[in-house]
Amino acid sequence: MSPTVPDKPSLDGLERKWIERWEADGTYRFDRTASRDRVYAIDTPPPTVSGSLHIGHIFSYTHTDTIARFQRMRGREVFYPMGWDDNGLPTERRVQNYYGVRCDASLPYDPDFTPPENLTSSDRPVPVSRPNFVELCHRLTATDEKTFEAVWRHLGLSVDWTMTYATIDERSQRASQRSFLRLLDKGIAYQSEAPTLWDVDFQTAVAQAELEDRDEAGAYHRLVFAGHDGAAVEIDTTRPELLAACVALVAHPEDDRYRPLFGGTVTTPLFGVEVPVVAHALADPDKGTGIAMVCTFGDLTDVIWWRELGLPVRAILERNGRVRQDASVRFGDGGQAVWDELRGKTVKQARARTVELLRDSGDLIGEPEAITHAVKFFEKGSRPLEIVTSRQWFFRTLDHTDALLARGAELSWHPPYMQARYESWVRGLNSDWLVSRQRFFGVPLPLWYPIRPDGAVDHAHPLRPDEGRLPVDPSTDVPDGYQPDQRDRPGGFAGDPDVMDTWATSSLTPQIAGAWVDDPDLFARVFPMDLRPQAHDIIRTWLFSTVVRSHFENDCLPWAHAAISGFVLDPDRKKMSKSKGNVVTPLPLLEEYGADAVRHWASSGRPGVDTAVDAGQLKVGRRLTIKVLNASKFVLSRLGDTQAPAQPTAVSAPLDRAMLSRLADVVDEATTAFEGYDYARALERTEAFFWAFCDDYLELVKSRAYGSRGDDEAASANRALALALSAIVRLFAPFLPYVTDEVWSWWNEGSVHRAPWPEPAPLRAAAGDGEPLVLDVAAAVLGEVRKAKTSAHTSMRAEVDRVVVRDTAARLDALAQAAADVGDAGRVSDVVTEEAEEFSVDVTLAG
RNA sequence: GGGCGCUUAGCUCAGCUGGCAAGAGCACCGCCCUUACAAGGCGGCGGUCGGGGGUUCGAGUCCCUCAGCGCCCACCA
């Protein structure tokens, strides 16, 4: 094919052109007839669509895309779907704000409902039924997904856009519910009425994986408990408002100060309740006064003491975080009056009032001592978590930590040290995986419960659907053997009101994308997958939970490799956050620098390494893409001028052979790097070669390629240029998909992204005995000539009378093989050599 | 408290299994309209590779130790 090169190559319009072409040609379409060994399957992270795309998304998805493109060029059929994580709390919050509504599950469905218009921030949210609310969630996520897809296409992700899924769609719900029921059969899923961490604003239970410690201002309050015979016991507490929930005092069994009290009782201040003094090894003699107040429940240590010491429950907080109206406690003298003061108050208010009362009664010793301490929060929450007792569903993980650690060791981690995070998480697990949530927009737990004749719900005997009925919504669907009018009636049934945690569904992305059970043929071709790409912050959630599900469901790892990306930091290397206002949005960058340049920046961030947004680096990428365009134009213009020989010309000139030999090494290095998931190294090697190729080789060979040394010499140069350009464009293709496909199209049929990845062997064959030293010495001498011209303030076109090169015999031999090219490139009339120990050059300019 | 990572030119970072007379880009300074490229090219300035020990013919590269920064984990009255 004779090259067709534009006169003035430009980046303008390239992105639109190639986005359309790739779509029309189905360039990235997955061929599902490919056998498993030819398939490379990627478990793409489904981005949360309830928000805007973040530069961090651009960063890590680009990493994945370079690997996808490399594998495709290596001949693998790449299974590269895209999911949308639209299920869960973030969507609920966005829908509430966007439409100005609030879900009220007690309302009936209103088929004519339309959301309020012309919202102002002062409008109170409109209550809507759960089905109406879910409709709005679907409506908004559908438009959000379109926006996201447009950005991904702009970035040039080689996703197969015919294969998308959403974590709330029917297929995901079916997979999620099916897996839940199977885990129920295996005894992995179980329900339990137990104290769990609870967010009082979102009014839902929260799992260990969603916790976040935050440093909060607090205070130690020293309180006096009355012992027998007028003795007093002092304790320190940060939560005096829980005094009414106190069920015991606890100290270390070896603590001589308190040993005499064990087995006896003391009386709480204010409330006058008698509580036991008990011993437990977890009590730390060095903390506070060495003896602690156990409340139901102030923190997770309280839960342990309560459980292991068989203490009673005195719960005083409602699920909304306020003190209950009725205490389940019999108080001593005056206790009821104190309670009356506190009930209905928030934790904060109750704390303040309690302290006042304690001070008045003389039970507070000294003043509270201000401290800063870590407090557990729901990662999306704004108030500290409380602990309340509720019925929840769990998946057993604690019994399986050894197996899960073994799975972690089986997985190939890139970079390897990320495995340590997984291990420390698994080793630190302290509860089973809590999967039920008291929310609305999620996959429902596929269960109902019989209602006994006395009206009590019989949670111990859940009613389950056959798998063929899935997905089901127990709030509208009816269990087999029941009629709709038996819902919530004695002798009838009740639907489980809860939904599953978002991770309970997104942990099945390999099964969902691979159409587990629904399409066994596809599933067998793509599962277990090859790659899970993701950022390091969700190792404990998404990565861990996916390993758990695959372990139980398929008895294998879900993928062979995990490629962990770092974070994107702002230009000052600070973590980005909305509150700091330093979040960089990707679209302006894509528009200013172009997708290839943005991808170039992203690809320069090495696996797992946090990387700063860097305008300089983006400019470099922009410059590189323009350089690729221009260098290609030059090379192809040479090919166009030369009569294409029937047989490819041999590469005869030593300089050409040297360049090809060096290039073959680069191909080797880039290939090895990519195989090890180090896309950044592959890029760095390619780029370094390319700039040297342009600055040195092209300049050295230009004159000869134009025919200054005759046709045979020109043919060698042009053959080498053609081989090099073809390889270079393909090496860059995973990083710079737009400019490479543009350039490739100038002299090739078909997309470069379906072209074979370059092989070193043909380059080595063409290079023959090529000695890279020839290129090195020639470039070094040319550099000295340029330096001389620069310091003489003359043009690079200035003629040079004479150049004397002193160097070792070996290097002078190498130079001799390229002396004519050096002379032409430097416009040197006479190149003279003298053997010497050290390299040096004398340049005598003409005139 | 345990663990992981980082510390190389003013800035952002490469330097993989030890051989480097220490690299790139940006920034800075200077030169050049050179027929692929002036939204460019060429050249220059700039570092005792965080500190201290050790192994070695040889250490930015391996070992020990200390310090600073960042992150992960932890039952944090």
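Not measured: the values here are computed from a predicted model. Throughout, protein chains are lettered first and strands after them, A, B, ... in sequence-line order, and every chain is numbered starting at 1.
- Counting non-hydrogen atoms under 4.0 angstrom, A:Cys295 reaches nothing in the nucleic acid.
- Comparing the C1' positions of B:G50 and B:G40 gives an interatomic distance of 39 Å, to the nearest angstrom.
- In this structure, A:Trp198 has its ring center at least 6.0 angstrom away from the ring center of A:Phe378.
- Among the heavy atoms of the strands lying under 4.0 Å from A:Asn430 are primed sugar atoms or P, OP1, OP2 only; no base atom is included.
- Nucleic acid contact for A:Lys627: base, since at least one base atom lies under 4.0 Å from a heavy atom of the residue.
- Rounded to a whole angstrom, the distance from the C1' atom of B:A9 to that of B:G25 is 12 Å.
- Separation of the A:Tyr258 and A:His252 ring centroids does not fall under the 6.0 Å cut-off.
- Here A:Leu624 contributes atom CG and A:Gln617 contributes atom CD; the two are 10.0 Å apart, rounded to the nearest 0.5 Å.
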Output the pairing pattern of RNA chain B as a dot-bracket string, 5' first, Watson-Crick or G-U wobble with both distances under 3.5 Å, | for cross-strand pairs, [ ] for crossing pairs.
(((((((..((((.....[...)))).(((((.......))))).....(((((..]....))))))))))))....
Can you tabulate the close N/O pairs, meaning under 3.5 Å, that link protein atoms to atoms of nucleotides 25-29 of chain B?
from	atom 1	to	atom 2	distance (Å)
B:C26	OP1	A:Arg623	NH2	3.3

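- Rounded to whole Å, the P atom of B:C49 lies 15 Å from the corresponding atom of B:C62.
- Candidate nucleotides B:A77, B:G41, B:A14 were compared by shortest atom distance to the side chain of A:Ala292, and B:A77 ranks first.
- Residue contacts for A:Ala615: at a heavy-atom cut-off of 4.0 Å it reaches no nucleic acid atom on any strand shown.
- Here the separation of B:C76 from B:C20, taken at their C1' atoms, is 50 Å to the nearest Å.
- Ring-plane geometry between A:Phe59 and A:His63 is classed as perpendicular, the angle between the planes exceeding 60 degrees on a 0 to 90 degree scale with a lower cut at 30.
- Nucleotides B:G58 and B:C66 have their C1' atoms positioned 26 Å apart, rounded to a whole Å.
- Annotation: cation-pi geometry satisfied between A:Lys702 and A:Phe634 (NZ/CZ under 6.0 angstrom from ring centroid, within 45° of ring axis).
- Annotation: B:G54 and B:U61 have their C1' atoms spaced 15 Å apart (nearest Å).
- Distance noted for atom C1' between B:G44 and B:G3: 46 Å (whole Å).
- Nucleotides B:C73 and B:C13 are separated by 29 Å at their C1' atoms, to the nearest Å.
- Across all strands shown, A:Gly288 has no heavy atoms under 4.0 Å from either base or sugar-phosphate atoms.
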